[in-house]
Enquirer: 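Just passing along the structure, written as structure tokens.
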Amino acid sequence: MTQSSSADRSNSALDSSLAAAEDRYKADNPKSAARAQEAARAMPGGNTRTVTHYTPYPLTIASGEGATITDIDGHRYTDFLGEYTAGLYGHSDPRLVRAVTGAVEAGVGLGGPNRYDAELAQLICARFPSVDLLRFCNSGTEANLFALSAARAFTGRGKVMAFSGGYHGGVFYFGETGSPINAPFPFVMASYNDIDGTVALIEDHADDLAAIIVEPMMGSAGAIPVDPDFLEALRDRAAAHGTILIFDEVMTSRLGPGGLQEKLGVTPDMTTFGKYLGGGMTFGAFGGRRDVMSMFDPYAANAISHPGTFNNNVLSMAAGLVGLRDIFTPDAAEALNARGDRFREQIGAVIARHDAPMQVTGMGSILGLHFQRAPIHRPQDTWPADRKIAAHREGLRKLLHLDLLASGLFMARRGFISLSLPLGQPDFDDFAAALDEFLTVRGELLDEG
Ligand code: PLP
């Protein structure tokens, strides 16, 4: 038997299992189906946030409580997605509900500084080593736009180094297919964790390189940890050339009390934030070296303007403050990430017991499930050149996702998991049991032939 005929056989078995799983999903979720159709009348494909889309149609979520969510067909799921890291606090923590309702009752859109913004800024400055001064904005995407633009203004240079597979927001998508709507900066693309290649590129472009933007663990690309020597090399070369090193900690700031910069002991010039730091509300922030951030000081001559109607909106400021000050304390951060590390070991043990061609990546409270044995050092390691293998893995991601939903477990189709504070060991045990069942029932489909 040739390799391809064996692969074909395994793909057709996968196709029929997938078709059955989709039929089951459709039978279970008629209200979400109807809502998806209705939504398409006003939004392209019924969608306004690409990452929430999956086939045949996504579940419409009606409510959330603690570590669970409920869809409009009435199914309850344990939430392992955690709103792509923004849902760190789980759903409707009473302290956050009080913070938000208190802020609303005292009036929103106040048109000035408020009672919360400075204290939240001070807390963030105190927690994250690189941040002398900070400004708020409305999303991680915006934070990166402002940080990169600030670096260009500060250095008087144009180019920006980014890494293949990286994600820094809707206009900074460097995945396998790229994006025609990326912000029109002159990007120099390098390869994550490739010290020699990246250093050579930095040297080539040094005179015109304003900034290097890097996730200290790649998040959306599949929870790919960094080689600390790689970050050190970036730090060293950026300092040598006066290039602004920006850590995008929109996702990773939750991985330690002071983010990954503190945990790994590498301090960038600037850092961008988002996600959970707004206590579940809309949030973005960028901060860093005093000399760079002081360009925005409105008392200064020639200050850079950054007005932003909702920069310090009271909902995000009030919820973010209570969240970081009272809930996600340094001890809570350590404990959550320790739970994540144990959960990763638990999942790894299930995979090992089945000797399955899978692996789990990530750090602390962020995990990535992958259908491959080959080590993953950079996103390109997860992009098989063989299209059949790529399609097979895509099919397996789909099947796992649908099977987990049928078991009452919610995660991203691409295998992304981020833990929230209310998740407990019984939830982790449920997930491990569901994965064990998947590998028992579906195990032979995993073979790539
Ligand atoms: N940077 C990273 C590393 C992210 O993961 C994301 C979002 O997933 C962003 C930036 C963009 O943040 P937002 O969705 O708030 O614009």
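Hydrogens, waters and symmetry mates play no part in the numbers below; they use all other heavy atoms, side chains included. Numbering of ligands and ligand atoms starts at 1, following listing order. For clarity, every value in this text was computed on a predicted model and none was experimentally measured.
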Enquirer: Consider only side-chain N and O atoms of Asp207 and His241, and report whether a donor and an acceptor are under 3.5 Å apart.
Expert: no
Enquirer: Does the pair Glu119/Arg325 count as a salt bridge with the N-to-O cut at 4.0 Å?
Expert: yes
Enquirer: Is there any ring pair (Phe, Tyr, Trp, His ring centres under 6.0 Å) pair reaching into residues 311-351, and which pairs are they, with sequence neighbours excluded?
Expert: Phe80-Phe343, Tyr276-Phe328, Phe343-Phe428, Phe343-Phe431
Enquirer: Please list all pairs passing the salt bridge (Lys or Arg N to Asp or Glu O under 4.0 Å) test where one or both residues lie in residues 162-189, with sequence neighbours left out.
Expert: Glu176-Arg387
Enquirer: Which residues pass the side-chain hydrogen bond (donor to acceptor under 3.5 Å, both in side chains) test with Asp79, not counting sequence neighbours?
Expert: His91
Enquirer: Would you mind writing out a table of all protein N or O atoms found under 3.5 Å from any N or O atom of ligand 1, naming both atoms and giving the distance to 0.1 Å?
Expert:
from	atom 1	to	atom 2	distance (Å)
ligand 1	1 (N)	Asp248	OD1	3.3
ligand 1	1 (N)	Asp248	OD2	2.7
ligand 1	8 (O)	Lys275	NZ	2.8
ligand 1	12 (O)	Gly140	N	3.4
ligand 1	15 (O)	Gly140	N	2.8
ligand 1	16 (O)	Gly140	N	3.4
ligand 1	16 (O)	Thr141	N	2.9
ligand 1	16 (O)	Thr141	OG1	2.5

Enquirer: Between Thr252 and Glu215, is there a side-chain donor-acceptor contact under 3.5 Å, judged purely by atom types and distance?
Expert: no
